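Bear in mind that the values here come from a model prediction, so they are computed numbers and not experimental data. Chain letters run A, B, ... following the sequence lines, proteins first and then strands; every chain starts at 1.
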Number of protein chains: 2
Amino acid sequence: MTARTSRGRRPGAPDTRAEVLAAARTSFAEKGFRGTTIRAVAASAGVDPALVHHYFGTKDDLFVAALQIPVDPRAVLAPVVAAGPDGAGERLLRTLLSVWDDPELRPGLVALVRSLMSDDGAGLVRDGFIPVVVGPVLAGLVPDRPEVRIPLVASQVIGIILGRYVVALPPLAQMPAEDLVARVGPTLQRYLTGDLP
Amino acid sequence: MTARTSRGRRPGAPDTRAEVLAAARTSFAEKGFRGTTIRAVAASAGVDPALVHHYFGTKDDLFVAALQIPVDPRAVLAPVVAAGPDGAGERLLRTLLSVWDDPELRPGLVALVRSLMSDDGAGLVRDGFIPVVVGPVLAGLVPDRPEVRIPLVASQVIGIILGRYVVALPPLAQMPAEDLVARVGPTLQRYLTGDLP
DNA sequence: GACGTTTTTCATCATGTGTTGAATTGTGCT
DNA sequence: AGCACAATTCAACACATGATGAAAAACGTC
(Lines give C-alpha, C1' and ligand atoms only; values in the text may rest on other atoms or scores of the structure.)
Protein backbone atom coordinates (compact mmCIF):
# COMPACT_ATOMS: atom_id res chain seq x y z
CA MET A 1 0.00 0.00 0.00
CA THR A 2 2.63 2.52 1.10
CA ALA A 3 4.95 3.79 -1.57
CA ARG A 4 8.40 2.30 -1.48
CA THR A 5 11.17 4.14 -3.20
CA SER A 6 14.56 3.10 -1.89
CA ARG A 7 16.41 0.34 -3.58
CA GLY A 8 17.99 -2.70 -2.00
CA ARG A 9 17.10 -4.73 1.02
CA ARG A 10 14.51 -3.44 3.45
CA PRO A 11 15.39 -2.93 7.07
CA GLY A 12 13.90 -5.23 9.63
CA ALA A 13 12.88 -8.78 8.88
CA PRO A 14 9.64 -8.59 6.93
CA ASP A 15 8.44 -11.84 5.46
CA THR A 16 7.92 -10.39 2.02
CA ARG A 17 7.85 -13.77 0.41
CA ALA A 18 4.79 -14.74 2.40
CA GLU A 19 3.07 -11.49 1.51
CA VAL A 20 3.64 -12.08 -2.16
CA LEU A 21 2.29 -15.58 -1.86
CA ALA A 22 -0.81 -14.35 -0.06
CA ALA A 23 -1.43 -11.70 -2.68
CA ALA A 24 -1.04 -14.29 -5.40
CA ARG A 25 -3.48 -16.60 -3.64
CA THR A 26 -6.28 -14.09 -3.41
CA SER A 27 -5.69 -12.80 -6.90
CA PHE A 28 -5.79 -16.28 -8.39
CA ALA A 29 -8.90 -17.00 -6.34
CA GLU A 30 -10.67 -13.86 -7.45
CA LYS A 31 -9.62 -13.48 -11.06
CA GLY A 32 -8.42 -16.88 -12.15
CA PHE A 33 -5.12 -17.65 -13.82
CA ARG A 34 -5.31 -15.45 -16.87
CA GLY A 35 -6.96 -12.65 -14.99
CA THR A 36 -4.02 -12.51 -12.61
CA THR A 37 -0.99 -10.52 -13.70
CA ILE A 38 2.36 -10.72 -12.00
CA ARG A 39 2.49 -6.96 -11.92
CA ALA A 40 -0.82 -6.79 -10.08
CA VAL A 41 0.32 -9.36 -7.55
CA ALA A 42 3.53 -7.42 -7.02
CA ALA A 43 1.66 -4.15 -6.63
CA SER A 44 -0.79 -5.65 -4.19
CA ALA A 45 2.14 -6.91 -2.12
CA GLY A 46 3.89 -3.53 -2.39
CA VAL A 47 6.81 -5.02 -4.23
CA ASP A 48 8.59 -4.94 -7.56
CA PRO A 49 7.45 -7.49 -10.16
CA ALA A 50 10.97 -8.80 -10.44
CA LEU A 51 10.86 -9.90 -6.83
CA VAL A 52 7.98 -12.21 -7.62
CA HIS A 53 10.13 -13.87 -10.22
CA HIS A 54 13.04 -13.97 -7.83
CA TYR A 55 11.12 -15.98 -5.24
CA PHE A 56 8.86 -18.08 -7.38
CA GLY A 57 10.07 -18.62 -10.90
CA THR A 58 7.63 -18.37 -13.77
CA LYS A 59 3.96 -17.54 -13.51
CA ASP A 60 3.05 -21.20 -13.68
CA ASP A 61 5.35 -21.90 -10.77
CA LEU A 62 3.72 -19.13 -8.80
CA PHE A 63 0.36 -20.66 -9.52
CA VAL A 64 1.21 -24.10 -8.21
CA ALA A 65 2.91 -22.48 -5.23
CA ALA A 66 -0.28 -20.52 -4.57
CA LEU A 67 -2.49 -23.56 -4.74
CA GLN A 68 -0.65 -25.73 -2.26
CA ILE A 69 -3.65 -27.83 -1.48
CA PRO A 70 -2.55 -29.64 1.67
CA VAL A 71 -5.57 -31.86 1.39
CA ASP A 72 -5.63 -35.35 0.03
CA PRO A 73 -9.24 -35.89 -0.93
CA ARG A 74 -8.92 -39.60 -0.52
CA ALA A 75 -7.61 -39.29 3.00
CA VAL A 76 -10.39 -36.88 3.92
CA LEU A 77 -13.11 -39.01 2.45
CA ALA A 78 -11.83 -42.30 3.84
CA PRO A 79 -13.52 -41.99 7.26
CA VAL A 80 -16.78 -41.01 5.61
CA VAL A 81 -16.74 -44.17 3.61
CA ALA A 82 -15.48 -46.32 6.46
CA ALA A 83 -18.50 -45.50 8.62
CA GLY A 84 -20.79 -47.21 6.17
CA PRO A 85 -23.73 -46.07 4.07
CA ASP A 86 -26.03 -45.03 6.92
CA GLY A 87 -26.05 -41.27 7.18
CA ALA A 88 -23.26 -41.05 4.63
CA GLY A 89 -24.93 -38.16 2.84
CA GLU A 90 -24.80 -35.91 5.85
CA ARG A 91 -21.32 -37.04 6.86
CA LEU A 92 -20.01 -36.47 3.36
CA LEU A 93 -21.36 -32.96 3.22
CA ARG A 94 -20.23 -32.12 6.74
CA THR A 95 -16.69 -33.23 5.98
CA LEU A 96 -16.64 -31.30 2.77
CA LEU A 97 -17.87 -28.10 4.35
CA SER A 98 -15.37 -28.37 7.18
CA VAL A 99 -12.56 -28.46 4.66
CA TRP A 100 -13.87 -25.59 2.58
CA ASP A 101 -14.75 -23.47 5.58
CA ASP A 102 -11.16 -23.61 6.78
CA PRO A 103 -9.86 -20.11 6.02
CA GLU A 104 -6.37 -21.46 5.44
CA LEU A 105 -7.48 -23.75 2.66
CA ARG A 106 -10.27 -21.79 1.07
CA PRO A 107 -8.41 -19.36 -1.25
CA GLY A 108 -6.36 -22.14 -2.74
CA LEU A 109 -9.41 -24.27 -3.31
CA VAL A 110 -11.40 -21.44 -4.85
CA ALA A 111 -8.49 -20.59 -7.10
CA LEU A 112 -8.23 -24.20 -8.15
CA VAL A 113 -11.91 -24.45 -8.99
CA ARG A 114 -11.86 -21.17 -10.87
CA SER A 115 -8.91 -22.19 -12.98
CA LEU A 116 -10.49 -25.55 -13.66
CA MET A 117 -13.48 -23.69 -15.02
CA SER A 118 -11.87 -21.17 -17.31
CA ASP A 119 -8.79 -22.76 -18.73
CA ASP A 120 -9.47 -26.15 -20.09
CA GLY A 121 -9.15 -27.85 -16.80
CA ALA A 122 -12.68 -29.00 -17.47
CA GLY A 123 -11.03 -31.97 -19.11
CA LEU A 124 -9.00 -32.54 -16.00
CA VAL A 125 -12.05 -32.66 -13.77
CA ARG A 126 -13.88 -34.86 -16.20
CA ASP A 127 -11.12 -37.33 -17.01
CA GLY A 128 -8.99 -37.18 -13.92
CA PHE A 129 -10.41 -35.87 -10.71
CA ILE A 130 -13.88 -37.38 -10.66
CA PRO A 131 -13.23 -40.84 -12.10
CA VAL A 132 -9.75 -41.39 -10.70
CA VAL A 133 -9.75 -39.67 -7.33
CA VAL A 134 -13.21 -39.30 -5.93
CA GLY A 135 -15.03 -41.96 -7.92
CA PRO A 136 -13.28 -45.05 -6.55
CA VAL A 137 -13.52 -43.78 -2.99
CA LEU A 138 -17.25 -43.15 -3.09
CA ALA A 139 -17.79 -46.35 -5.02
CA GLY A 140 -17.44 -48.18 -1.72
CA LEU A 141 -20.63 -46.50 -0.52
CA VAL A 142 -23.11 -47.09 -3.28
CA PRO A 143 -25.03 -50.35 -3.60
CA ASP A 144 -25.35 -50.32 -7.40
CA ARG A 145 -25.01 -48.34 -10.61
CA PRO A 146 -22.18 -46.10 -9.45
CA GLU A 147 -21.97 -44.57 -12.94
CA VAL A 148 -25.38 -43.05 -12.30
CA ARG A 149 -25.09 -42.22 -8.60
CA ILE A 150 -21.65 -40.66 -8.45
CA PRO A 151 -22.32 -37.97 -11.08
CA LEU A 152 -25.56 -37.04 -9.36
CA VAL A 153 -23.70 -36.61 -6.09
CA ALA A 154 -21.04 -34.67 -7.93
CA SER A 155 -23.59 -32.34 -9.47
CA GLN A 156 -25.12 -31.41 -6.13
CA VAL A 157 -21.73 -31.02 -4.49
CA ILE A 158 -20.41 -28.86 -7.30
CA GLY A 159 -23.50 -26.71 -7.05
CA ILE A 160 -23.07 -26.20 -3.33
CA ILE A 161 -19.40 -25.35 -3.64
CA LEU A 162 -19.99 -22.91 -6.45
CA GLY A 163 -22.94 -21.26 -4.81
CA ARG A 164 -21.40 -21.05 -1.36
CA TYR A 165 -17.76 -20.33 -2.06
CA VAL A 166 -17.18 -19.19 -5.62
CA VAL A 167 -20.25 -17.11 -6.37
CA ALA A 168 -20.99 -16.58 -2.69
CA LEU A 169 -24.73 -16.60 -3.11
CA PRO A 170 -25.80 -14.72 -0.01
CA PRO A 171 -28.07 -17.11 1.84
CA LEU A 172 -25.94 -20.07 0.87
CA ALA A 173 -22.70 -18.44 1.88
CA GLN A 174 -23.96 -17.33 5.27
CA MET A 175 -25.94 -20.44 6.13
CA PRO A 176 -24.48 -22.33 9.08
CA ALA A 177 -22.85 -25.52 7.95
CA GLU A 178 -25.15 -27.68 10.03
CA ASP A 179 -28.24 -26.16 8.43
CA LEU A 180 -26.88 -26.96 5.02
CA VAL A 181 -26.05 -30.46 6.14
CA ALA A 182 -29.58 -30.98 7.39
CA ARG A 183 -31.14 -29.62 4.23
CA VAL A 184 -28.93 -31.07 1.53
CA GLY A 185 -27.72 -34.21 3.30
CA PRO A 186 -30.91 -36.13 2.43
CA THR A 187 -30.46 -35.30 -1.24
CA LEU A 188 -26.99 -36.81 -1.23
CA GLN A 189 -28.20 -39.78 0.75
CA ARG A 190 -30.86 -40.44 -1.84
CA TYR A 191 -28.36 -40.16 -4.68
CA LEU A 192 -25.99 -42.50 -2.89
CA THR A 193 -28.27 -45.23 -1.61
CA GLY A 194 -31.89 -44.32 -2.37
CA ASP A 195 -34.26 -45.70 -4.95
CA LEU A 196 -33.46 -44.14 -8.30
CA PRO A 197 -35.35 -44.66 -11.55
CA MET B 1 -8.05 -23.35 -42.85
CA THR B 2 -6.86 -22.80 -46.41
CA ALA B 3 -4.31 -20.08 -46.93
CA ARG B 4 -5.70 -16.90 -48.39
CA THR B 5 -3.29 -14.43 -49.91
CA SER B 6 -5.02 -12.09 -52.28
CA ARG B 7 -6.31 -8.82 -51.03
CA GLY B 8 -9.78 -7.37 -51.49
CA ARG B 9 -13.17 -8.96 -51.73
CA ARG B 10 -13.47 -12.68 -52.29
CA PRO B 11 -15.28 -14.05 -55.30
CA GLY B 12 -18.63 -15.70 -54.78
CA ALA B 13 -20.92 -14.79 -51.93
CA PRO B 14 -19.47 -16.38 -48.82
CA ASP B 15 -21.13 -15.39 -45.58
CA THR B 16 -17.88 -14.59 -43.89
CA ARG B 17 -19.57 -12.60 -41.19
CA ALA B 18 -21.47 -15.65 -40.03
CA GLU B 19 -18.30 -17.72 -40.01
CA VAL B 20 -16.54 -15.20 -37.85
CA LEU B 21 -19.46 -15.15 -35.47
CA ALA B 22 -19.52 -18.93 -35.24
CA ALA B 23 -15.78 -19.05 -34.58
CA ALA B 24 -16.19 -16.43 -31.88
CA ARG B 25 -19.01 -18.37 -30.28
CA THR B 26 -17.11 -21.60 -29.92
CA SER B 27 -13.96 -19.85 -28.79
CA PHE B 28 -15.80 -17.90 -26.12
CA ALA B 29 -17.57 -21.08 -25.06
CA GLU B 30 -14.36 -23.06 -24.83
CA LYS B 31 -11.86 -20.57 -23.49
CA GLY B 32 -13.88 -17.82 -21.92
CA PHE B 33 -13.53 -14.13 -22.58
CA ARG B 34 -9.91 -13.54 -21.71
CA GLY B 35 -8.83 -16.82 -23.21
CA THR B 36 -10.27 -15.77 -26.54
CA THR B 37 -8.13 -13.56 -28.75
CA ILE B 38 -9.43 -11.72 -31.76
CA ARG B 39 -6.52 -13.02 -33.76
CA ALA B 40 -7.39 -16.60 -32.91
CA VAL B 41 -11.01 -16.06 -33.88
CA ALA B 42 -9.89 -14.51 -37.15
CA ALA B 43 -7.49 -17.35 -37.85
CA SER B 44 -10.11 -19.96 -37.07
CA ALA B 45 -12.43 -18.24 -39.54
CA GLY B 46 -9.65 -17.92 -42.11
CA VAL B 47 -9.79 -14.17 -42.05
CA ASP B 48 -7.74 -11.13 -41.19
CA PRO B 49 -8.14 -9.79 -37.65
CA ALA B 50 -9.11 -6.43 -39.01
CA LEU B 51 -12.18 -7.96 -40.57
CA VAL B 52 -13.43 -8.99 -37.18
CA HIS B 53 -13.20 -5.40 -36.09
CA HIS B 54 -14.87 -4.30 -39.28
CA TYR B 55 -17.98 -6.38 -38.70
CA PHE B 56 -18.25 -6.29 -34.95
CA GLY B 57 -16.58 -3.36 -33.29
CA THR B 58 -14.52 -3.90 -30.18
CA LYS B 59 -13.92 -7.22 -28.47
CA ASP B 60 -16.68 -6.52 -25.98
CA ASP B 61 -19.09 -5.93 -28.83
CA LEU B 62 -18.05 -9.21 -30.39
CA PHE B 63 -18.73 -10.91 -27.10
CA VAL B 64 -22.27 -9.65 -26.72
CA ALA B 65 -22.86 -10.42 -30.39
CA ALA B 66 -21.64 -13.96 -29.76
CA LEU B 67 -23.87 -14.43 -26.76
CA GLN B 68 -27.15 -13.46 -28.38
CA ILE B 69 -29.24 -15.29 -25.86
CA PRO B 70 -32.65 -15.24 -27.50
CA VAL B 71 -34.11 -16.59 -24.29
CA ASP B 72 -35.91 -14.59 -21.70
CA PRO B 73 -35.65 -16.68 -18.57
CA ARG B 74 -38.81 -15.19 -17.17
CA ALA B 75 -40.83 -16.05 -20.24
CA VAL B 76 -39.49 -19.58 -20.22
CA LEU B 77 -40.16 -20.11 -16.55
CA ALA B 78 -43.60 -18.55 -16.53
CA PRO B 79 -45.52 -21.66 -17.65
CA VAL B 80 -43.66 -23.74 -15.11
CA VAL B 81 -44.84 -21.47 -12.37
CA ALA B 82 -48.33 -21.09 -13.78
CA ALA B 83 -48.99 -24.81 -13.56
CA GLY B 84 -48.74 -24.70 -9.80
CA PRO B 85 -46.49 -26.39 -7.27
CA ASP B 86 -47.45 -29.99 -7.99
CA GLY B 87 -44.70 -31.61 -10.02
CA ALA B 88 -42.98 -28.27 -10.40
CA GLY B 89 -39.57 -29.79 -9.70
CA GLU B 90 -39.75 -32.06 -12.70
CA ARG B 91 -41.31 -29.44 -14.93
CA LEU B 92 -38.67 -26.90 -13.99
CA LEU B 93 -35.85 -29.27 -14.80
CA ARG B 94 -37.47 -30.47 -18.01
CA THR B 95 -37.89 -26.91 -19.25
CA LEU B 96 -34.36 -26.04 -18.35
CA LEU B 97 -32.87 -29.04 -20.09
CA SER B 98 -34.93 -28.40 -23.21
CA VAL B 99 -33.43 -24.94 -23.46
CA TRP B 100 -29.87 -26.06 -22.84
CA ASP B 101 -30.11 -29.07 -25.10
CA ASP B 102 -31.04 -26.85 -28.03
CA PRO B 103 -27.89 -26.83 -30.17
CA GLU B 104 -28.62 -23.30 -31.34
CA LEU B 105 -28.58 -21.89 -27.87
CA ARG B 106 -26.00 -24.03 -26.16
CA PRO B 107 -22.69 -22.39 -27.18
CA GLY B 108 -23.94 -18.98 -26.20
CA LEU B 109 -25.16 -20.21 -22.86
CA VAL B 110 -21.97 -22.09 -22.11
CA ALA B 111 -19.93 -19.04 -23.05
CA LEU B 112 -22.07 -16.92 -20.80
CA VAL B 113 -21.65 -19.24 -17.83
CA ARG B 114 -17.92 -19.57 -18.41
CA SER B 115 -17.46 -15.83 -18.50
CA LEU B 116 -19.58 -15.41 -15.41
CA MET B 117 -17.21 -17.77 -13.67
CA SER B 118 -13.85 -16.36 -14.57
CA ASP B 119 -14.24 -12.66 -14.86
CA ASP B 120 -16.00 -11.23 -11.92
CA GLY B 121 -19.42 -11.93 -13.23
CA ALA B 122 -19.80 -13.86 -10.01
CA GLY B 123 -21.09 -10.61 -8.61
CA LEU B 124 -23.51 -10.33 -11.48
CA VAL B 125 -24.99 -13.74 -10.79
CA ARG B 126 -25.10 -13.09 -7.08
CA ASP B 127 -26.53 -9.58 -7.13
CA GLY B 128 -28.41 -9.54 -10.38
CA PHE B 129 -29.42 -12.74 -12.04
CA ILE B 130 -30.56 -14.85 -9.13
CA PRO B 131 -32.33 -12.27 -6.97
CA VAL B 132 -33.70 -10.07 -9.71
CA VAL B 133 -34.52 -12.42 -12.57
CA VAL B 134 -35.04 -15.93 -11.38
CA GLY B 135 -35.83 -15.30 -7.73
CA PRO B 136 -39.10 -13.40 -8.12
CA VAL B 137 -40.38 -15.87 -10.69
CA LEU B 138 -39.78 -18.94 -8.59
CA ALA B 139 -41.01 -17.14 -5.50
CA GLY B 140 -44.52 -17.79 -6.76
CA LEU B 141 -43.95 -21.50 -6.28
CA VAL B 142 -42.61 -21.82 -2.79
CA PRO B 143 -44.87 -21.86 0.23
CA ASP B 144 -42.48 -20.24 2.68
CA ARG B 145 -38.90 -19.15 3.38
CA PRO B 146 -37.94 -18.42 -0.23
CA GLU B 147 -34.58 -17.13 0.94
CA VAL B 148 -33.74 -20.67 1.98
CA ARG B 149 -35.44 -22.61 -0.80
CA ILE B 150 -34.39 -20.65 -3.86
CA PRO B 151 -30.64 -20.91 -3.23
CA LEU B 152 -30.97 -24.63 -2.65
CA VAL B 153 -32.74 -25.00 -5.97
CA ALA B 154 -30.10 -22.79 -7.55
CA SER B 155 -27.29 -24.91 -6.17
CA GLN B 156 -28.67 -28.11 -7.65
CA VAL B 157 -29.45 -26.47 -10.96
CA ILE B 158 -26.02 -24.91 -11.20
CA GLY B 159 -24.47 -28.27 -10.46
CA ILE B 160 -26.46 -29.98 -13.20
CA ILE B 161 -25.64 -27.33 -15.76
CA LEU B 162 -21.97 -27.35 -14.95
CA GLY B 163 -21.73 -31.10 -14.87
CA ARG B 164 -23.76 -31.71 -17.98
CA TYR B 165 -22.80 -28.82 -20.24
CA VAL B 166 -19.66 -27.06 -19.09
CA VAL B 167 -17.53 -29.86 -17.71
CA ALA B 168 -19.47 -32.48 -19.68
CA LEU B 169 -19.14 -35.16 -17.03
CA PRO B 170 -19.61 -38.28 -19.12
CA PRO B 171 -22.62 -40.02 -17.61
CA LEU B 172 -24.32 -36.73 -16.92
CA ALA B 173 -23.76 -35.35 -20.39
CA GLN B 174 -25.04 -38.46 -22.14
CA MET B 175 -27.95 -39.19 -19.83
CA PRO B 176 -31.32 -38.78 -21.58
CA ALA B 177 -33.08 -35.70 -20.36
CA GLU B 178 -36.04 -37.66 -19.03
CA ASP B 179 -33.80 -39.87 -16.90
CA LEU B 180 -32.28 -36.80 -15.35
CA VAL B 181 -35.70 -35.33 -14.78
CA ALA B 182 -36.85 -38.48 -13.04
CA ARG B 183 -33.76 -38.64 -10.86
CA VAL B 184 -33.21 -35.01 -9.94
CA GLY B 185 -36.77 -33.73 -10.17
CA PRO B 186 -37.67 -35.00 -6.69
CA THR B 187 -34.70 -33.15 -5.22
CA LEU B 188 -35.93 -29.88 -6.67
CA GLN B 189 -39.47 -30.62 -5.58
CA ARG B 190 -38.28 -31.14 -2.05
CA TYR B 191 -36.29 -27.92 -2.09
CA LEU B 192 -39.29 -26.06 -3.49
CA THR B 193 -42.16 -27.37 -1.42
CA GLY B 194 -40.91 -30.15 0.84
CA ASP B 195 -40.29 -30.19 4.57
CA LEU B 196 -36.99 -28.50 5.27
CA PRO B 197 -35.30 -28.15 8.63
C1' DG C 1 -18.28 -0.13 -69.25
C1' DA C 2 -18.00 3.48 -65.44
C1' DC C 3 -18.73 4.16 -60.67
C1' DG C 4 -19.99 3.98 -55.89
C1' DT C 5 -20.27 0.40 -52.31
C1' DT C 6 -19.02 -3.52 -49.77
C1' DT C 7 -15.69 -6.84 -48.45
C1' DT C 8 -11.10 -7.93 -47.47
C1' DT C 9 -6.15 -7.47 -46.45
C1' DC C 10 -1.80 -4.87 -45.12
C1' DA C 11 0.95 -2.18 -42.31
C1' DT C 12 1.20 0.00 -38.15
C1' DC C 13 0.55 1.88 -33.30
C1' DA C 14 0.07 1.90 -28.40
C1' DT C 15 -0.26 -0.87 -24.54
C1' DG C 16 0.28 -4.51 -21.25
C1' DT C 17 2.53 -8.71 -20.27
C1' DG C 18 6.19 -12.27 -18.68
C1' DT C 19 10.84 -12.34 -18.04
C1' DT C 20 15.85 -11.20 -17.45
C1' DG C 21 20.23 -9.12 -15.85
C1' DA C 22 22.55 -5.70 -13.59
C1' DA C 23 22.79 -2.56 -9.76
C1' DT C 24 21.99 -1.28 -4.83
C1' DT C 25 21.26 -1.95 0.03
C1' DG C 26 20.87 -4.40 4.23
C1' DT C 27 22.16 -8.75 7.25
C1' DG C 28 25.07 -12.09 9.40
C1' DC C 29 29.52 -14.29 9.97
C1' DT C 30 34.40 -14.15 11.08
C1' DA D 1 36.07 -4.03 9.90
C1' DG D 2 35.49 -6.75 6.15
C1' DC D 3 33.07 -9.75 3.21
C1' DA D 4 29.92 -13.15 1.24
C1' DC D 5 25.15 -13.51 0.66
C1' DA D 6 20.31 -12.44 0.49
C1' DA D 7 16.73 -9.09 -0.52
C1' DT D 8 15.11 -5.61 -3.37
C1' DT D 9 14.58 -2.37 -7.22
C1' DC D 10 15.56 -0.39 -12.02
C1' DA D 11 15.69 -0.60 -16.75
C1' DA D 12 14.90 -2.97 -20.57
C1' DC D 13 13.64 -6.75 -24.06
C1' DA D 14 10.65 -9.58 -26.72
C1' DC D 15 6.25 -10.61 -27.58
C1' DA D 16 1.17 -10.77 -27.99
C1' DT D 17 -2.80 -8.23 -28.05
C1' DG D 18 -6.66 -4.81 -29.34
C1' DA D 19 -7.30 -1.33 -32.37
C1' DT D 20 -7.01 1.92 -36.61
C1' DG D 21 -6.67 3.79 -41.26
C1' DA D 22 -5.56 3.22 -45.85
C1' DA D 23 -5.37 0.43 -49.95
C1' DA D 24 -6.98 -3.41 -53.13
C1' DA D 25 -10.34 -6.49 -55.11
C1' DA D 26 -14.97 -8.02 -56.22
C1' DC D 27 -19.89 -6.78 -56.60
C1' DG D 28 -24.32 -4.18 -57.99
C1' DT D 29 -26.38 -0.59 -60.59
C1' DC D 30 -27.02 2.69 -64.15
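Counting to the nearest Å, the C1' atom of D:dA24 and the CG atom of B:L51 are 14 Å from each other. Atom-to-atom, CZ of A:F63 to P of C:dG18 comes out at 14 Å; the value is rounded to the nearest Å. Between A:D60 atom CG and C:dG18 atom P the separation is 11 Å, expressed in whole Å. In this structure, CG of A:D61 is placed 10 Å from P of C:dT20, rounded to the nearest angstrom. One atom, CG of A:D15, and another, P of D:dA7, lie 10 Å apart when rounded to the nearest Å.
Distances from the side chain of A:H53 to the nucleotides C:dT9, D:dT9, C:dT19 place C:dT19 closest. Comparing C:dT9, D:dT9, D:dT8 by their closest approach to the side chain of A:D48 singles out D:dT9. When distances run from any side-chain atom of B:Y55 to the nucleotides D:dA7, C:dT7, D:dC10, the shortest one goes to C:dT7. With distances taken from any side-chain atom of A:K59 to the nucleotides D:dA19, D:dC10, C:dG18, the minimum falls on C:dG18. Side chain of A:P49, nearest nucleotide from C:dT19, D:dG18, D:dG21: C:dT19. Of the candidates D:dA7, D:dA19, C:dG18, the closest approach to any side-chain atom of A:H54 belongs to D:dA7.
Taking 4.0 Å as the cut-off between side-chain N and carboxylate O, B:E178 and B:R94 count as a salt-bridged pair.
Proximity of B:L172 to A:S155: side-chain heavy atoms (C-beta onward) are separated by under 4.5 Å at one or more points. When side chains are defined from C-beta on, A:V148 counts as touching B:R183, because their heavy atoms get closer than 4.5 Å. Residues B:F33 and B:D60 are in side-chain contact: their nearest non-hydrogen atoms beyond the backbone lie under 4.5 Å apart.
Residues passing the side chain to side chain donor-acceptor pair (under 3.5 Å) test with B:T187 are A:R190, A:Y191, sequence neighbours excluded. Judged as a salt bridge (charged side-chain N to carboxylate O under 4.0 Å, His left out), and not counting sequence neighbours, the contacts of B:D144 are B:R149.
A donor and an acceptor atom sit less than 3.5 Å apart, one in the side chain of A:R39 and one in the base of C:dG18.
Within residues 18-25 of chain B, no residue has any heavy atom under 4.0 Å from DNA chain C.
The phosphate of C:dT19 (OP1 or OP2) has a side-chain N or O of A:T58 nearer than 4.0 angstrom.
Here the closest non-hydrogen pair linking B:P151 and B:P146 is CD-O, 3.7 Å.
Sequence order on DNA chain C of the closest nucleotides to A:T37 and B:V52 puts B:V52 first from the 5' end.
No contact: B:R17 has no heavy atom under 4.0 Å from any strand.
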